[in-house]
Amino acid sequence: QVQLVESGGGLVQPGGSLRLSCTAPGGTLHYDGLAWFRQAPGKEREGVSAIATLTGNTYYTDSVKGRFTISRDVAKHTVDLQMNSLKPEDTAVYYCAVGSISRAYRGDFLRSHLYDYWGQGTQVTVSA
């Protein structure tokens with residue numbers, strides 16, 4: 001069992017920035033897929049961004065492209081999500097997830113079923 005802990009959420013004004021971080025205390029993030037998901041009240045969980053660690057490819061949902069950046073620090077065992085130009089519609093609970101994904105997989109890395117372990121989430125609220 002892998003425990004994931006997210007941090008960095010909070011309240012920010014529209015146009016502001018936040019940096020979310022995910023770590024696995026006492027463990028590692030040596031998984032094929034590292035991702036961030038979010039769920040807003042009354043909405044389904046959606047994939048925000050992911051890294052395929054084998055290829056280094058990154059993936060973003062359309063609504064955050066150009067504003068969010070996912071990164072990983074192998075030495076520190078963290079995966080971060082830098083969020084800039086935040087909008088009220090970015091308000092949600094953000095979850096970190098990791099998964100062992102087949103190296104043959106060439107599909108969408110923002111599918112929740114690919115991920116085996118999830119954090120408890122961190123609240124991001126964008127409001128004036």
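Values below: all heavy atoms of this structure, side chains included; hydrogens, waters and symmetry mates excluded.
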Check: [Y] and [X] side chains under 4.5 Å, non-hydrogen atoms:
X	Y	value
Leu29	Arg72	no
Ser127	Thr91	no
Ser49	Gln82	no
Leu20	Arg38	no
Met83	Asp90	no
Thr69	Tyr60	yes
Ser112	Arg45	yes
Tyr117	Tyr31	yes

Taking [Y] as the starting point, is it possible to reach [X] by hopping between hydrophobic residues whose side chains are less than 4.5 Å apart?
X	Y	value
Val93	Ile70	no
Leu4	Trp36	yes
Tyr105	Ile51	no
Leu110	Val48	no
Phe37	Leu86	no

Between OG1 of Thr58 and CG of Leu34, what distance do you get to the nearest 0.5 Å?
-> 12.0 Å
In Å, rounded to the nearest 0.5 Å, how long is the span from CD1 of Ile101 to CZ of Arg106?
->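 Atom-to-atom, Ile101:CD1 and Arg106:CZ are 11.5 Å apart.
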Shortest non-hydrogen contact from [X] to [Y]?
X	Y	answer
His77	Thr23	O-OG1, 3.4 Å
Tyr115	Gly99	CD2-N, 3.6 Å
Val2	Ala24	CG1-CB, 4.3 Å

Residue Glu44 excluded, over 12 heavy atoms near CD under 6.0 Å = no
Whether Trp118 and Tyr95 hold their rings parallel, tilted or perpendicular, with breakpoints at 30° and 60° =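 If you compare the ring of Trp118 with that of Tyr95, the planes turn out perpendicular.
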Could you check whether the rings of Phe109 and Tyr59 sit parallel, tilted or perpendicular, using 30° and 60° as the cut-offs?
-> parallel
Can you check side chain to side chain contact (heavy atoms under 4.5 Å, CB included) on Val74 and His30, steps first, answer last?
-> CA-CA 8 Å; Val74 176; His30 289 309; 3.9 Å; yes
Output a table of donor-acceptor pairs, distance under 3.5 Å, between side-chain atoms of residues 5-18 and any protein atom two or more places apart or on a different chain; print 'none' if there are none.
residue: Glu6; atom: OE1; partner: Gln120; partner atom: N; Å: 3.2
residue: Glu6; atom: OE1; partner: Gly121; partner atom: N; Å: 2.9
residue: Glu6; atom: OE2; partner: Cys96; partner atom: N; Å: 2.9
residue: Glu6; atom: OE2; partner: Gly121; partner atom: N; Å: 3.2
residue: Ser17; atom: OG; partner: Asn84; partner atom: OD1; Å: 2.9

Lys/Arg N to Asp/Glu carboxylate O, Asp62 vs Lys65, below 4.0 Å = yes
Is a side-chain donor or acceptor of Thr122 paired with a backbone partner of Tyr94 at a separation under 3.5 angstrom?
-> no
Cys22 backbone acceptor or donor facing Thr78 side chain under 3.5 Å =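 Pair absent, no side-chain N/O of Thr78 close to backbone of Cys22.
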